[in-house]
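Notes follow the structure.
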Number of protein chains: 4
Amino acid sequence: MTDGKADQAPDGKDGKKEGGRAARPAARRRGRPPQPEAIEERRKQILAAAIEIFGRRGFHDATMQQISRAAGISVGLIYQYFRDKEDLLHAVISEILDSYLREIPAARATQTEPLERLHAAVRAYFRVVDEHRAAALIGYRESRVLPRARMTEIMARERETTGLIAESVEECRRAGVLQVADPELLTYQLVVYVHAWPLHAWRLEPQPGGEAYIERGMAQLLRPVQPAPEAPPVPSPARRNR
Amino acid sequence: MTDGKADQAPDGKDGKKEGGRAARPAARRRGRPPQPEAIEERRKQILAAAIEIFGRRGFHDATMQQISRAAGISVGLIYQYFRDKEDLLHAVISEILDSYLREIPAARATQTEPLERLHAAVRAYFRVVDEHRAAALIGYRESRVLPRARMTEIMARERETTGLIAESVEECRRAGVLQVADPELLTYQLVVYVHAWPLHAWRLEPQPGGEAYIERGMAQLLRPVQPAPEAPPVPSPARRNR
Amino acid sequence: MTDGKADQAPDGKDGKKEGGRAARPAARRRGRPPQPEAIEERRKQILAAAIEIFGRRGFHDATMQQISRAAGISVGLIYQYFRDKEDLLHAVISEILDSYLREIPAARATQTEPLERLHAAVRAYFRVVDEHRAAALIGYRESRVLPRARMTEIMARERETTGLIAESVEECRRAGVLQVADPELLTYQLVVYVHAWPLHAWRLEPQPGGEAYIERGMAQLLRPVQPAPEAPPVPSPARRNR
Amino acid sequence: MTDGKADQAPDGKDGKKEGGRAARPAARRRGRPPQPEAIEERRKQILAAAIEIFGRRGFHDATMQQISRAAGISVGLIYQYFRDKEDLLHAVISEILDSYLREIPAARATQTEPLERLHAAVRAYFRVVDEHRAAALIGYRESRVLPRARMTEIMARERETTGLIAESVEECRRAGVLQVADPELLTYQLVVYVHAWPLHAWRLEPQPGGEAYIERGMAQLLRPVQPAPEAPPVPSPARRNR
DNA sequence: GATGAATGAGCGTTCATTCAT
DNA sequence: CATGAATGAACGCTCATTCAT
C-alpha cells in the first residue's frame, strides 16, 4: 500500500456554522442538468462552498476536497467550473466585489437625503462584509497568491466600490450637511472601520452585534464633521508634528 | 523612516530581556554547558529570520528551509529552539506584542502633556507595526492556525496593548483636552487605523508615507473631539485642508 | 474497480532481470552522506532505478513511487536530485547518450583494422542499447514529452553518436575494404538495426540472443559491400545511386 | 503524401467523409433499429479519430475527450463501441494490421515479376505505415499497456504481415533473381527499415521524402543480393504504378 | 551543539468511466 | 441511440519534521 490517503471524515464541523449556508447535500444529481441556468447554479453552489471554506480556514488551509464536500459534489466537478484553486479564489473575491457594486448603489437609491444615502451605503457595504465575514478578508490576506494582473484588476474594482462611498461623502459635503476637511480620509476611515469588523471587533468590550457596531462607528466617525449647530467645528489641531 | 524590510540585525540590546525564562533548566547537558546567553541570541536570530520571511511570504508560503537560510543556520537547529512551525509563529507574534508593550510605555514616558503622550503612544504603536509590516498582520491573518489556548493568550496581550492607548485617551479625557463621548471606540478606531496601514493604505490617493499616514489619521480622528468651543487647544485656526 | 494496477510488490520481478542491475536495497542510509561523491552516487542510484522502471513500464506508466521504491529511497529524495519527472527522463536519456559517446570510441580504440574498428563500434553501440533495453527507446517513444529545446539537444548528441559509426564506415571506404555507394545510408541501416533489437527482434524466428543478433545483422549488412576477393559482387558499381 | 504533421482536417482521405454522417439525419426517432451498417460506420468514425489522436499525442497523452471531439460525438458513445481506452487501442492496431493484410496482397497482385512483386509489397507496406505515421508505432510503443493475450494475437498478425514480405523474398530467391543467404534476415531488415521511417528518418541528411526514403533503402538492401553478373539488377522502380 | 539528507503524509489536479436523462 | 455532467482513484510534487553523524 502506498497511499495513506486518509480520506477525510465528513467534516470537522465547528458548531458555529454561523450562516447555515453551504453544505447543502445537493440532490446527488446525475445526468442532464446542462440547462444554461443550471450551470450558473452550479457555479453559485461551488462559490458558496468556497466562500464558506475559504472563510473558515483561509485559502491555504482549505482543501479542494473540503470545498467539494461542502458543495456536496466531487472534486473533479469543481474543475469543470474553475481552472484551479487560484481561479476559484479569484472568483470568490469577484463575487464579493460584485455584491458591493450591486448592493451599495441599490441601498443609496432607497434614500434621498445625502446623509441618509451615506448611511445606507455604508450599511450596505457592511452587510456584504458581514455576510461573507472572514471571506471578505481573503482578498487582502491571500493577495500574494494571485498574479499581479488579477490583483490589479481586483484593486481597481475595490476602488470603484470605495468610490461609491466617496461619492456619498462628497454629496454630503456639497449639501453642507458634512464639513469634511479631508473627505478622502473620511471615506478611508469608513471603509477601514467596516473591514475591521471581522478582524478586530473582538477588541470592543460590550461585544457588539453587527448592527450596533456599524451604527456606533458611523455615529462617531460622522458626528463631529456635521456642522455643529453653533460652535465652529474642527478647531484644527494642525501644527503638531514630531 | 518607515523603511521596509531589511534590518536583519538581531536586535538584542536591552540586556534585561526576559527575566522569567532565565530559570534555564540547564539541561541538555553533555559536554557543552548551554551557554545561557548564547541560547537567547540564537532564538533572536531565528525569530528575526522568521519575522522577515513570514512577513514577506505569509505563514503558509514560508518554508522552514527559507527561514533557516535567512537565519544562516540549518533547519534542524530551528527545531532545537521551537517545537514546530506553529510554535515559531506564536513566538513571532509574541515578539511583536512584546515590542508594543516595551515601546509604547517608553514613548509615553517621553512626554508630559496628555495629548502629547497620546500622540507619542500611537506613533510608537504605529512604528512597531510599520517595522514589522506584513508580519504584524500575521497574527490575525493566520490566527486560525493557532490553537485556541494560544489565541486567547495572544488576545489578552493584545488587549493589554490596546489598554495602553486607552489609558492615554482616558488621560486626555480627564484632563479635559479631549471630549470623547465614547473613549473605547476612539481607542478602537486608532488601533484599527494603525493596523490598516499595511493592508489598506494603498487606497489613499496621494500614496502616503508612514509618517504622513499616521499624522493625517490622528488629526482627523482626534481633532473633532477636542474641546473646540471656547479655548482652541490648538492655536492655528486654519481650516487645514487640501 | 478500474485500475487493474496491480500495485507493485517491491518489484514486479519478471524473472529475466537480465543484468541484475537496479533495485539495490540501498542501505537505508540516514544522516551524513553528503560527501560530494556520495551525492553523485545517489544520482546514479536514482538514474539506475529510473532506467529500470521507465524501461519496464514506459515513461507514462512509471510512477515516481515505483522509481523511488526501485531505488530503495523515498519519493521526496528524488526531487532533491531531479527537478521533476521530465527532468529525470531527460537525465536517463542523457545517461544513455553519454554511454554511447564513452563506449563507442573506447571500443574503436581497441582495434586497428578499419573493418575491425567498425565492428567493434557497432558492437559497443549495441551493447549499450541492449543493457538499457527498452529504456533506450524512451527517447523516441516519449520524445513528445520533452520541450523542444531539450529534444534538439538530444538529437544533436544522437547525431554525434551516429557520427562515430559513420566515421568508421568512412574509414573502411577509404581503406578500400568496403565499397559503399551510399555510406550515410549504410550507417543509418546499422543504427536502425541496432535500435530494432528491443523493439522488433521477436520477429526473428530462431529467437536470437543479442550476440547472435548483432553478428548476423552486421554480416548481412556489411558483407555485400566488401570487395569480393575476385569477382566484384556488384556488377555495375557506378550507376544507380542518386 | 508523406507530408509532415499538420493535417488537422477532421480526417481527410476518402472524400466521402463528412457526407456519410449526414446521411443518417433523421434518426433521433427513438425506436430506431440498430442499423447494422450504421454501427460499422460509427466504429470507423471513432477509429479514424482515435488513429488521428493516438498518432498525434501518443496513447497516454490522448484523452477520450479529445478523441470524442475529433470524432464529433460524445464520450459516452465511444463506450458503446469499445469497452475501454485499451480496447480502442487494440482496435486501432487491428485496423492498421488489417490495412497491411489488405494492401500488401493487393499491391503484389498488380505485378508478375517476382522482384517487381517484392518492390510493390514493400512499397504498400511503407504506404500504410506512412499514412498512419506515428499511429503505426503505437503498437510497439505502447505494447505494454495491452494484456498479454492481446499482445500475442497482435504479434501473430504482425508475423502474418511479415510473412507476406517473406513470401515475396522467397519468390525472388526461387526465381533466382535474388541470392539471399539469409532470407529471413533480409525480410526483417526490410520491415525494420520501413518502421524506422517515422522514428529515425530525421537522422538522414538530405531529409528524404517518403518516396525517396523507401526507394533508397530498398536499392541498398536488395541490390547486393541480386545476381549481378548477367541480369540487370534492380528492375528500376521507375514505372511505379498506382 | 549543528547539520542537512531523508522521509512520507497530504494536497492539487487529471481523466477514464458511468449513468440519468 | 446519444449525451455530457458527474465521479473518484491515482499521480506528481511539496515541505514539515526527524535523526544519524
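Every chain is numbered from 1, with letters handed out A, B, ... down the list of sequences.
- At E:dG4, none of the side-chain N or O atoms of B:Ser74 fall inside 4.0 Å of OP1 or OP2 (strictly under the cut-off).
- One can place CD of B:Gln65 at 19 Å from P of F:dC13, the figure rounded to the nearest angstrom.
- Between D:Ile67 and D:Ala49, the shortest heavy-atom contact is O-CB, 3.6 Å.
- Here A:Tyr79 does not reach the OP1 or OP2 of E:dT14: none of its side-chain N or O atoms lies under 4.0 Å away.
- If you measure from atom CD of D:Glu40 to atom P of F:dC1, you get 13 Å, rounded to the nearest angstrom.
- Using a 4.0 Å heavy-atom distance criterion, B:Arg42 is classed as a sugar-phosphate-only contact.
- Between B:Gly72 and A:Val75, the residue anchored closer to the 5' end of DNA chain E is B:Gly72, taking for each the nucleotide with the nearest heavy atom.
- Residues in residues 81-90 of chain A take part in these side-chain hydrogen bond (donor to acceptor under 3.5 Å, both in side chains) pairs, two or more places apart or across chains: A:Asp87-A:Arg150, A:His90-A:Glu153.
- Side-chain contact, C:Gln45 with C:Arg42: a donor N or O sits under 3.5 Å from an acceptor N or O.
- Atom CG of A:Asp87 and atom C1' of E:dT13 are 13 Å apart (whole Å).
- Taking atom CE on A:Met64 and atom P on E:dC11, their separation rounds to 13 Å, with Å as the unit.
- Remark: P of F:dC1 and CZ of D:Arg43 are 13 Å apart, rounded to the nearest angstrom.
- Between D:Tyr81 and B:Thr63, the residue whose closest nucleotide on DNA chain F is further toward the 5' end is D:Tyr81.
- Residue B:Ile46 comes nearest to B:Leu88 through the heavy atom pair CG2-CD1, 4.0 Å, listed as atom of the first residue, atom of the second, then distance.
- The residue D:Phe82 sits apart from the nucleic acid: no heavy atom pair falls under 4.0 Å.
- Of all heavy-atom pairs between D:Ala50 and D:Val92, the closest is CB-CG2, 3.7 Å.
- Distance, A:Arg57 CZ to E:dC11 P: 10 Å, rounded to whole Å.
- Without hydrogens or angle criteria, D:Gln80 side chain to D:Leu77 main chain gives no donor-acceptor distance under 3.5 Å.
- Between B:Ala62 and D:Gln80, the residue whose closest nucleotide on DNA chain F is further toward the 5' end is D:Gln80.
- Atom CG in D:Leu89 sits about 13 Å away from atom P in E:dA16, given to the nearest Å.
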Query - Secondary structure of DNA chain E in dot-bracket form (Watson-Crick or G-U wobble, distances below 3.5 Å, | marking inter-strand pairs) - result: .||||||||||||||||||||
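- Taking atom CZ of D:Phe54 as the reference point, atom C1' of E:dA16 lies 12 Å away to the nearest angstrom.
- Listed nucleotides: E:dA16, E:dG12, F:dA5. Nearest to the side chain of A:Leu77: F:dA5.
- Across all their heavy atoms, D:Ala91 and D:Arg43 have their closest contact at CB-NH2, 4.1 Å.
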